[in-house]
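Reading through the structure tokens given below for one structure.
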2 protein chains.
Amino acid sequence: MVHQHAPQEGLGLLEALEDCGQRMTGQRALLARHLDGKAEAFSAEEIARELPGVGRATIYRTLKLLVEAGALCKMQLPDGSPRYKRDAAAHHHHHLVCTVCRRVEEFRHPSVERMLRTMRDEVGGTVVGHRLEIFIVCNDCRQPS
Amino acid sequence: MVHQHAPQEGLGLLEALEDCGQRMTGQRALLARHLDGKAEAFSAEEIARELPGVGRATIYRTLKLLVEAGALCKMQLPDGSPRYKRDAAAHHHHHLVCTVCRRVEEFRHPSVERMLRTMRDEVGGTVVGHRLEIFIVCNDCRQPS
DNA sequence: GTTGCTGCAAATCCTTTGCAAGGTT
DNA sequence: AACCTTGCAAAGGATTTGCAGCAAC
């Protein structure tokens, strides 16, 4: 079985910001609390809609901070539209994206790590990173014909 | 060794368009001939600059046709900026992106296929696609300190 | 009191689209 | 002739940025 990370809380996004030496403002606290509650991937626009009290610019600026802090990861759906997701795993993981409901799951699997280790040795050059997304139709979306 | 596809010609992009039943216009021929000469990945904007005689809209429309025809693939650099690349391999492959010079190579490797086969069985849901990019510093960019 | 943060609006980047005119089959 | 394609300019989505005012440290 693939190990799918539960939508656990981790450290909380506010803490992530504090750890970067950022000032603690009302907007950031609001945003962090709001995002902490999101198990699923979301778009910046969606957040702007849900938090009319926080300016769009602040939302984008804060999301970027959180991505840089490693507390969120930014990814793209198959059609290229951007989504953010709480980084439940403290570290390295990959994404499983349902092409129907657009839900995103994080996963780890030894076969992926094995592949990456192999590539590290085989590739001409130094591997500095990667991106892996697997597109699926999830069990919930596979209609019970 | 990874099998890196040489920047070979393949079928030519014009043929790809013909095969889709598209009309053969002067702009399309120009664009196809121009892209045929490109070994490296490129941006749409770059093409628009290089072919001032062809309208931006036509360039985007034709690039999209070529992507749908499978003759080009569209990808994103690590920073998210979009790039197109001639699809040298007739089929399925992955990308090696140098984070310094931004050059993109296609590659295939059995370890990747093995990993995908494993994931197909392990994942909860039906796998319908994937995206894999490995970011490197290529040998040319690794400065001879 | 500094320095950093916010919001607004304007600006940017990448791309799509409406529409009238012209090219292809 | 019928239908597709083109180009222009406007529209659109996602983000960024300039800047003045305000809040955190």
Side-chain angles (χ1 to χ4, degrees), chain A residues 13-35 38 41-69 71-85 97 102 104, chain B residues 13-35 41-69 71-85 102 104:
Chain A
L13 297 176
L14 251 184
E15 286 71 21
L17 285 174
E18 284 178 334
D19 289 354
C20 295
Q22 298 294 324
R23 285 190 180 174
M24 199 40 53
T25 70
Q27 292 86 324
R28 286 177 175 175
L30 246 163
L31 190 50
R33 212 175 315 135
H34 186 72
L35 299 184
K38 291 212 166 279
F42 52 87
S43 69
E45 203 49 41
E46 184 182 329
I47 303 302
R49 238 180 293 121
E50 294 167 352
L51 293 178
V54 182
R56 208 179 239 68
T58 299
I59 289 175
Y60 277 102
R61 284 190 276 238
T62 309
L63 287 177
K64 179 179 275 195
L65 283 175
L66 287 167
V67 170
E68 282 162 6
L72 287 183
C73 48
K74 185 179 183 177
M75 40 166 317
Q76 336 250 142
L77 297 184
D79 72 352
S81 64
R83 285 294 180 285
Y84 297 84
K85 185 163 196 328
V97 185
R102 307 185 138 198
V104 178
Chain B
L13 296 176
L14 251 185
E15 287 71 20
L17 285 175
E18 285 179 334
D19 289 354
C20 294
Q22 298 295 324
R23 287 193 180 172
M24 200 40 53
T25 69
Q27 291 88 324
R28 286 177 176 172
L30 246 163
L31 190 50
R33 213 175 316 134
H34 186 72
L35 299 184
F42 53 87
S43 68
E45 203 50 42
E46 185 182 330
I47 303 302
R49 237 181 294 120
E50 293 166 353
L51 293 179
V54 183
R56 210 179 237 71
T58 299
I59 290 175
Y60 277 102
R61 284 190 276 237
T62 309
L63 287 177
K64 180 178 277 197
L65 283 176
L66 287 166
V67 169
E68 283 162 6
L72 287 182
C73 50
K74 185 179 183 177
M75 39 166 318
Q76 336 250 143
L77 297 184
D79 72 353
S81 64
R83 286 292 179 286
Y84 296 84
K85 185 163 195 328
R102 304 185 141 201
V104 178

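Note on naming: letters A, B, ... go to the chains in the order of the sequence lines (proteins, then strands), and numbering restarts at 1 for each one. As a basis for the values below, the full set of heavy atoms in this structure was taken, side chains included, without hydrogen atoms, waters or symmetry mates.
Ala69(B) meets the side-chain contact (heavy atoms from CB on, under 4.5 Å) test with Cys20(B); sequence neighbours excluded. With sequence neighbours excluded, the residues that form a side-chain contact (heavy atoms from CB on, under 4.5 Å) with Lys64(B) are Glu68(B). Partners of Arg23(B) according to the salt bridge (Lys or Arg N to Asp or Glu O under 4.0 Å) rule, which considers only residues two or more places apart in sequence or in another chain, do not exist here. Under the side chain to side chain donor-acceptor pair (under 3.5 Å) criterion, Arg61(B) pairs with no residue at all, not counting sequence neighbours. For Gln27(A), the side-chain contact (heavy atoms from CB on, under 4.5 Å) partners at least two apart in sequence or on another chain are Thr25(A), Val54(A), Thr58(A). Every residue two or more places apart in sequence or in another chain that forms a salt bridge (Lys or Arg N to Asp or Glu O under 4.0 Å) with Lys38(A) is listed here: Glu46(A), Glu50(A). Partners of Arg56(B) according to the salt bridge (Lys or Arg N to Asp or Glu O under 4.0 Å) rule, which considers only residues two or more places apart in sequence or in another chain, are Glu45(B).
Side-chain atoms of Cys73(A) and Val67(A), non-hydrogen and from C-beta on, never get closer than 4.5 Å to each other. You'll find the side chain of Arg83(B) reaches within 4.5 Å of the side chain of Arg102(B), heavy atoms only. Put simply, the side chain of Leu13(A) does not reach to within 4.5 Å of the side chain of Arg28(A), judged on heavy atoms. In this structure the side chain of Val104(A) reaches within 4.5 angstrom of the side chain of Met75(A), judged on heavy atoms. Using a 4.5 Å cut-off on side-chain heavy atoms (C-beta onward), Leu63(B) and Phe42(B) make contact. Between Pro82(B) and Lys74(B), the closest side-chain pair of non-hydrogen atoms falls below 4.5 Å.
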Exercise for review: Just do the side-chain contact (heavy atoms from CB on, under 4.5 Å) check on Met24(B) and Leu14(B) with the steps written out, would you?
Suggested key: CA-CA 8 Å; Met24(B) 200 40 53; Leu14(B) 251 185; 3.0 Å; yes

Practice item. Could you give me the CA-CA distance, side-chain angles and deciding distance for Leu65(A) and Gln22(A), then say whether side-chain contact (heavy atoms from CB on, under 4.5 Å) is met? Key: CA-CA 9 Å; Leu65(A) 283 175; Gln22(A) 298 294 324; 3.8 Å; yes

Exercise for review: Might you work through the side-chain contact (heavy atoms from CB on, under 4.5 Å) test for Thr62(B) and Leu17(B), ending with a clear yes or no?
Suggested key: CA-CA 9 Å; Thr62(B) 309; Leu17(B) 285 175; 4.1 Å; yes

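For Arg56(A), the listed nucleotide lying nearest its side chain is dT15(D); candidates were dA23(D), dG7(D), dT15(D). The nucleotide whose nearest atom lies closest to any side-chain atom of Gln27(B) is, among dT5(D), dG7(D), dT15(D), dG7(D).
Residues from residues 58-69 of chain B placing a heavy atom under 4.0 Å of any atom in DNA chain C, listed by number, are Tyr60(B), Arg61(B), Lys64(B). Applying a 4.0 Å cut-off to non-hydrogen atoms, the residues of residues 42-50 of chain B that approach DNA chain C are Ala44(B), listed by residue number. Residues from residues 71-78 of chain B placing a heavy atom under 4.0 Å of any atom in DNA chain C, listed by number, are Lys74(B).
Along DNA chain C, the nucleotide closest to Tyr84(B) and the one closest to Met24(B) are compared, and the more 5′ of them pairs with Tyr84(B). Nearer the 5' end of DNA chain C, as judged by each residue's closest nucleotide, is the contact made by Gly26(A), out of Gly26(B) and Gly26(A).
Between the P atom of dC4(D) and the CD atom of Glu18(B) lies a distance of 18 Å, rounded to the nearest Å.
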Exercise for review: Represent DNA chain C in dot-bracket notation, 5' to 3'. Only Watson-Crick or G-U wobble pairs with both distances under 3.5 Å count; pseudoknot-style crossings use [ ] and interstrand partners use |.
Suggested key: |||||||||||||||||||||||||

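Among the protein residues, Gly53(A) comes within range of the sugar-phosphate backbone only, with heavy atoms under 4.0 Å from sugar or phosphate atoms but none that close to a base.
Taking 4.0 Å as the cutoff to heavy atoms of chain A, we find the contact window on DNA chain C bounded by dT3(C) to dC8(C).
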